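I have placed the structure first, in the form of structure tokens, so that the comments after it can refer back to it.
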Amino acid sequence: MSNLSRVITFATGKGGTGKTSCAANVAGLAAQAGWRTLLIDLDSQANLGHDLGFSESEGADHGAHLVNTLVTGGTLTPVLTGVRPNLDVIPGGSKLDDLEDLVLGRQRRGEDGRILLREALAGIAEEYDLIIIDTPPSRRSALVQLALAAARWIVIPTKSDRSSIEGLRVLAEQVVKIREVNPEIDVLGAVLFGMGASATARRRFAREDVRNVLGDADLLCDSVIRHAEAAADDAREKGRLIHELAEVVHNAEPYWKALKEGRRPERIAGSAPALAEDYVLLADELIRRVGAAEEAEAASAVQEAATA
């Protein structure tokens with residue numbers, strides 16, 4: 001088993017499909033469950049910093065460590081440790097624009113710049129149970145290529161509209177092409193994001209679309225992330241993950257108490273607990289899928305050894 005066998009890249013072929021939200025919340029929940037988790041932000045917009053509340057911290061280096069390490073051929077190390085228990089982060093940000101130029105420059109010189117992140121992760125991967133990479137929304141970004149070349153698994157958040165499904169198709173083509181340098185990469189699952197509560201028909205059509213694009217309808221995750229804009233906005237504004245926001249809702253003081261004391265009550269979106277449950281189910285499903293794949297791989301290795 002490769003030491004990069006637990007690297008999961010969240011990527012989409014279209015912006016606005018919940019990629020960063022899924023990456024942040026799955027990483028946070030895996031860490032809370034006891035998995036030593038490293039979260040890498042390859043997006044120059046650096047929205048992970050808002051989701052996890054570290055965007056204004058001194059250690060948020062705007063992607064400088066990522067760029068310097070890949071330029072010098074070194075080994076990545078966590079920039080922010082203990083962002084949550086068991087969760088370390090390598091931030092992204094504006095410096096990543098330089099990394100985009102680096103990769104494209106190497107490509108123009110006939111070198112394969114796509115493997116730079118893969119090589120930089122090799123020396124640190126065994127320190128973590130799980131490494132999650134968030135990517136920029138542009139499907140043609142050289143940074144997406146870096147993430148795909150480093151990943152064992154790809155998770156694709158998507159909506160069920162036509163343009164999102166076309167984005168899924170484009171990304172699937174990129175996965176096939178990246179096997180030139182990373183033959184182990186495979187799709188772990190596609191996740192429907194921003195679905196309405198009564199979207200049964202849309203889910204059925206999306207399942208057929210996933211079968212047509214990815215060749216297997218079972219790659220569509222059973223978990224669905226519902227549309228809950230107020231809760232998502234609250235979480236990003238407060239630098240909390242959705243399950244952390246849900247805990248605030250459960251423990252919220254009565255409104256009358258704050259008003260009686262002359263304070264303004266903190267209003268938290270009531271949809272947070274339901275949305276948190278969606279993310280819990282998604283994290284559990286993805287981890288189970290990784291476990292099942294590893295068990296199948298181990299069983300195959302034993303069988304091959306027995307017949308050798």
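Given the structure is predicted, the values throughout are model-derived calculations rather than measurements. All residue numbers in this chain count up from 1 along the given sequence.
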Any side-chain heavy atom of Val181 within less than 4.5 Å of one from Arg118? no

Val26, Leu281: one ILVMFWY side-chain cluster at the under-4.5 Å cut-off? no

Can any side-chain N or O of Ser141 pair as donor or acceptor with the backbone N or O of Pro136 at less than 3.5 Å? no

Are the charged groups of Glu173 and Lys177 less than 4.0 angstrom apart, N to O? no

Identify the heavy atoms of Leu146 and Leu70 that sit nearest to each other, and give their distance. CD1-CD2, 4.1 Å

Does CD in Glu229 sit with more than 12 non-hydrogen atoms of other residues, nucleotides or ligands closer than 6.0 Å? no

Search all heavy atoms of Val210 against all heavy atoms of Ala190 and return the closest pair with its distance. CG2-CB, 4.4 Å

Between Arg179 and Asp186, does any side-chain N to carboxylate O distance fall below 4.0 Å? yes

What pairs with Asp101 under salt bridge (charged side-chain N to carboxylate O under 4.0 Å, His left out), at least two apart in sequence or on another chain? none

Looking at Ser164 and Thr17, what are the two nearest heavy atoms and their distance? OG-CG2, 3.9 Å

Is the shortest side-chain heavy-atom distance between Ile185 and Thr9 below 4.5 Å? no

Salt-bridge present (Lys159, Asp161; N to O < 4.0 Å): no

Is there side-chain contact between Val224 and Asp278, with heavy atoms separated by less than 4.5 Å? no

I'd like to know whether Arg207 forms a salt bridge (Lys or Arg N to Asp or Glu O under 4.0 Å) with Asp218, so could you lay out the CA-CA distance, the side-chain angles of the two residues, the decisive distance to 0.1 Å, and finally the verdict. CA-CA 8 Å; Arg207 184 174 176 83; Asp218 288 339; 2.9 Å; yes

Under the side chain to side chain contact (heavy atoms under 4.5 Å, CB included) criterion, do Glu247 and Arg240 qualify, and how do the steps go? CA-CA 10 Å; Glu247 292 169 4; Arg240 291 171 173 158; over 6 Å; no

Counting N and O atoms only, with roles assigned by atom type, does the side chain of Lys19 sit under 3.5 Å from a partner on the main chain of Pro137, one being a donor and the other an acceptor? no

Taking the side chain from Asp134 and the backbone from Ala24, do they hold a donor-acceptor pair closer than 3.5 Å? no

Quick one: does Asn182's side chain have a donor or acceptor within less than 3.5 Å of a partner on Ala149's backbone? yes

With hydrophobic residues grouped by side-chain heavy-atom distances under 4.5 Å, do Val71 and Leu143 end up in a single group? yes

Between Arg236 (side chain only) and His50 (backbone N and O only), is there a donor and an acceptor less than 3.5 Å apart? no

Without swapping roles, check the side chain of Arg289 against the backbone of Leu188 for a donor-acceptor pair under 3.5 Å. yes

Once rounded to the nearest 0.5 Å, what's the spacing between atom CG of Leu87 and atom CD of Gln32? 11.0 Å

Output yes when a side-chain donor or acceptor of Thr69 lies under 3.5 Å from a complementary backbone atom of Thr75, and no otherwise. no

Within this structure, what is the CG-CG distance for the pair Leu220 and Leu168, rounded to the nearest 0.5 Å? 9.5 Å

In this structure, would Val155 and Leu4 fall into the same cluster of hydrophobic residues linked by side-chain contacts under 4.5 Å? yes

Contact check, side chains of Leu286 and Val290, non-hydrogen atoms, under 4.5 Å: no

Kindly work out whether a path of hydrophobic side-chain contacts (I/L/V/M/F/W/Y, heavy atoms less than 4.5 Å apart) joins Leu102 to Leu121. yes

CD (Glu277) and CD1 (Ile225) are apart, to the nearest 0.5 Å, by 10.5 Å

Indicate every side-chain donor-acceptor pair of residues 37-48 with a distance under 3.5 Å to a residue at least two apart or in another chain.
unit_1: Thr37; atom_1: OG1; unit_2: Trp35; atom_2: O; d: 2.9
unit_1: Asp41; atom_1: OD1; unit_2: Asp43; atom_2: N; d: 2.9
unit_1: Asp43; atom_1: OD1; unit_2: Gln45; atom_2: N; d: 3.0

State whether the number of non-hydrogen atoms from other residues, nucleotides or ligands found under 6.0 Å of Arg288 atom CZ is greater than 12. no

Inter-residue atom distance Thr77.OG1 - Ile90.CD1, 0.5 Å rounding: 6.5 Å

Can you list the steps and then say if Tyr279 with Leu241 is a side chain to side chain contact (heavy atoms under 4.5 Å, CB included)? CA-CA 10 Å; Tyr279 279 117; Leu241 298 174; over 6 Å; no

Could you check if a side-chain atom of Leu66 sits within less than 4.5 angstrom of a side-chain atom of Leu76, using non-hydrogen atoms only? yes

How long is the gap from CG on Asp209 to OG1 on Thr158, to the nearest 0.5 Å? 8.5 Å

What is the distance from atom NZ of Lys238 to atom CD of Glu244, rounded to the nearest 0.5 Å? 13.0 Å

How close do Ala11 and Pro157 get, heavy atom to heavy atom, and via which atoms? O-CD, 3.5 Å

Closest non-hydrogen atom pair, Arg152 against Ser5: CG-O, 3.4 Å

Mind listing the closest non-hydrogen atom pair of Arg226 and Ala274 along with its distance? NH1-CB, 3.4 Å

For the backbone of Glu126 and the side chain of Asn3, can you confirm whether one donor and one acceptor N or O come within less than 3.5 Å of each other? no

Quick one: does Phe10's side chain get under 4.5 Å of Thr135's, heavy atoms only? no

So does Glu58 have more than 12 non-hydrogen atoms from other groups sitting under 6.0 Å from CD? no

If you apply the rule side chain to side chain contact (heavy atoms under 4.5 Å, CB included), what do you find for Val280 with Leu29, and how did you get there? CA-CA 7 Å; Val280 168; Leu29 286 163; 3.9 Å; yes

Worked check of side chain to side chain contact (heavy atoms under 4.5 Å, CB included) between Gln174 and Gln145: CA-CA 8 Å; Gln174 285 185 303; Gln145 300 298 309; 2.9 Å; yes

